[in-house]
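Positions are given from 1 along the sequence. The structure presented is a predicted model; accordingly, all values stated were derived computationally and were not measured.
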Amino acid sequence: MTGPDQPPAGQDRLPVAGGRRTWAWLRRRLGAQWTGVTWAALVGVLGAATSVVPAYALGTLVDRVREHAPASALVEIAAVIVVAAVAGGVATGAGTYLIGRVCGHVLADLRERTVARALSLPVTTLERVGKGDLLARVSTDVASIGKAATSVVPSLISAFLLVVLSLAAMAGLDWRLGLAGAVAIPLYVAALRWYLPRSAPKYAGERRAVGDNARLLAESMQGVRTVHAYRLEQRRLHDIHQASHQVRDIAVSVFTLFTRFVGRVNRAEFFGLAVILVAGFLLVRDGSVTVGQSAAAAVLFHRLFNPIGMLLFTFDEVQAAGASLARLVGVIDLAPAAAPAAGGDPGEPADASIRLSGVHFRYDGGPEVLHGVSVDVAAGARVALVGSTGAGKSTLAAIAAGILRPGGGAVRVGGVALPPDRLRARVAIVTQEIHVFAGPLIEDLRLARPGASREEVRSALAVVGALEWATALPDGLDTVVGEGGHELTTAQAQQLALARLVLVNPPIAVLDEATAEAGSLGARTLEEAAAAATRGRTTLIVAHRLTQAATADRVVVLEHGRIVEEGTHQDLLAAGGRYVELWRAWEAHTPTSASRQAPQRANLVRTPERSKS
């Protein structure tokens with residue numbers, strides 16, 4: 001979703017919200033915290049007011065000394081200063097806490113909404129922009145806003161209130177002293193008007209450059225095998241080097257601009273203090289104000305140097321946080337995966353059969369990759385999808401699992417076209433891209449079914465043949481795995497994914513090359529685990545090893561997004577068509593004895609299929 005002030009999404013990155021939309025979102029979130037905002041404002045005003053009292057007391061002290069007042073008068077003034085200092089410290093601390101609390105709630109809401117929307121984005125959107133930009137937004141940008149929310153914003157609000165009350169206090173001494181103090185305001189405003197238009201694009205560009213750099217790093221790390229396979233190390237390092245230099249150059253230009261801004265602020269301070277001193281001298285000479293009042297006005301203005309500097313000098317961090325906020329709101333405003341048109345309750349499926357009829361699909365305006373494909377999988381049957389790289393097998397599997405929505409055609413379970421959430425509740429997919437979550441092994445498995453007992457987890461592991469090695473780990477099922485923990489082999493990680501499938505216990509399973517990364521040694525073990533995990537379930541298999549197709553009830557051969565053959569393994573071999581070509585090519589890379597006796601060696605030579613195949 002893009003508003004009138006929001007640029008549309010580019011082809012290589014997620015959109016960024018415009019200024020009006022960003023501030024509208026922030027106002028709405030602050031409005032939801034109106035009680036906390038009100039208390040923070042009241043306590044902040046109290047803290048700023050008590051900070052003004054010592055300057056008034058100093059002016060009074062000067063006049064008392066000139067009048068040769070007794071020492072007891074000085075004690076009273078000292079007592080007032082002490083009470084004001086204590087009250088001001090308490091109020092300032094409380095105000096900082098309340099402001100930080102409000103900002104913390106807003107930041108938590110922002111983070112949760114961003115992650116929730118990111119998880120609901122269409123897969124095609126993430127594939128187009130890459131994961132790096134999104135990761136930079138939910139990490140670097142959130143950190144930038146968090147720093148501003150916890151340290152900059154409370155100080156900024158306190159400084160603003162102190163400036164306003166100090167100017168009011170100067171006007172209370174004498175309106176001409178207040179006017180003299182206000183003379184510096186246009187100079188401060190002029191400095192800001194010079195700085196902001198120049199810095200805002202630079203900060204936005206810096207955030208984009210950081211996002212691009214993060215994207216390059218993430219892609220290089222995630223695709224490190226491809227980088228090594230095609231000897232792309234130097235090219236990727238060059239690209240990362242160029243992106244890092246761009247970030248550095250923008251940061252240096254931002255700092256240079258900020259230094260020039262500081263010079264303008266210092267000139268405004270010098271001019272303002274000079275006007276106060278000259279005006280005070282003239283008013284004292286005319287008898288309009290006392291020396292103490294003039295001194296108090298000068299002290300009040302001088303004490304504004306720090307808060308005004310805080311207001312002005314933190315604009316770089318505010319600008320950076322504002323640019324980050326716009327990037328996050330841009331993600332929040334993205335349209336989630338399209339929901340089907342309301343048409344009432346479609347009813348309950350009659351059985352666990354799944355039918356894909358007339359399915360068309362294209363990735364983000366690209367060429368069509370599926371051309372009216374129809375596949376029927378009867379309840380409890382096993383159907384294998386085979387074909388060369390790019391045939392459309394993985395795309396069809398993702399549509400069957402409800403991950404992708406077809407551009408045309410329908411997916412029906414038990415004769416019923418289910419909405420995506422209900423479809424995903426009945427169909428579970430296991431792919432070759434397995435992630436082991438950091439934490440105890442048993443909790444990794446319970447992600448599939450949070451309420452699973454220890455015995456249910458053990459049973460699921462036993463089904464896929466993983467119980468023996470899992471219990472042999474240093475702490476058994478409580479062994480910490482994933483990043484920073486015990487490292488599992490690729491075959492073990494895929495067995496965990498199959499065990500999760502057993503715990504979910506869906507009526508329909510989709511295996512998208514779920515045993516592809518095991519290598520020759522673990523192939524048979526994983527194929528047996530996959531067969532055990534899907535026993536009794538309707539199963540659609542993207543077969544990377546043709547031994548899987550040979551054991552399926554039916555084989556569907558895809559080429560260029562169309563079905564060219566289908567039937568049993570024996571029927572297709574007898575037909576002498578495309579399947580025979582694939583079978584012979586597979587056997588040519590697999591020893592004859594292995595093809596009959598050791599299917600685990602069928603993947604000795606294999607080109608991985610792309611994610612969009």
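- Put simply, the side chain of R424 gets close to the backbone of G402: a donor and an acceptor are under 3.5 Å apart.
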* Go through the steps for R117 and D333 under the test salt bridge (charged side-chain N to carboxylate O under 4.0 Å, His left out), then give the verdict. => CA-CA 8 Å; R117 181 49 49 87; D333 284 348; over 6 Å; no
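- Side-chain contact annotation: T431 with D512, donor-acceptor N/O pair under 3.5 Å absent.
- By the 4.0 Å N-to-carboxylate-O rule, R355 lies close enough to D376 to be salt-bridged with it.
- Applying the side-chain contact (heavy atoms from CB on, under 4.5 Å) test to A493 and every residue at least two apart in sequence or in another chain returns I434, V436.
- Exactly one of V142, T114, V16 qualifies for a side chain to side chain contact (heavy atoms under 4.5 Å, CB included) with R137. That residue is V16.
- Annotation: the span from R454 atom CZ to S459 atom OG amounts to 14.0 Å, rounded to 0.5 Å.
- In this structure, the side chains of L396 and L558 come closer than 4.5 Å at one or more pairs of heavy atoms.
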* Could you walk me through whether V542 and Q548 pass side chain to side chain contact (heavy atoms under 4.5 Å, CB included), step by step? => CA-CA 9 Å; V542 176; Q548 295 175 305; over 6 Å; no
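- With rounding to the nearest 0.5 Å, the separation of CZ in R111 from CG in D141 is 12.0 Å.
- Residue E368 qualifies as enclosed at atom CD: its count of foreign heavy atoms under 6.0 Å is above 12.
- Shown here are the ring pair (Phe, Tyr, Trp, His ring centres under 6.0 Å) partners of F437, two or more places apart in sequence or in another chain: H435.
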* Can you check side chain to side chain contact (heavy atoms under 4.5 Å, CB included) on H569 and L546, steps first, answer last? -> CA-CA 9 Å; H569 170 71; L546 293 192; over 6 Å; no
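- Surrounding CZ of R236 are more than 12 heavy atoms belonging to other residues, nucleotides or ligands, all under 6.0 Å away.
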* Worked check of side chain to side chain contact (heavy atoms under 4.5 Å, CB included) between L325 and W25 -> CA-CA 10 Å; L325 179 61; W25 184 91; 4.1 Å; yes
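- Here L385 contributes atom CG and I541 contributes atom CD1; the two are 9.0 Å apart, rounded to the nearest 0.5 Å.
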* **Derivation and outcome, side chain to side chain contact (heavy atoms under 4.5 Å, CB included), residues T534 and L501** => CA-CA 8 Å; T534 58; L501 175 68; 4.0 Å; yes
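- Environment of NE2 in H560: sparse, with no more than 12 heavy atoms of neighbouring residues, nucleotides or ligands closer than 6.0 Å.
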* **E348/R422 under salt bridge (charged side-chain N to carboxylate O under 4.0 Å, His left out): CA gap, chis, key distance, verdict** => CA-CA 10 Å; E348 288 297 318; R422 291 185 61 189; 3.0 Å; yes
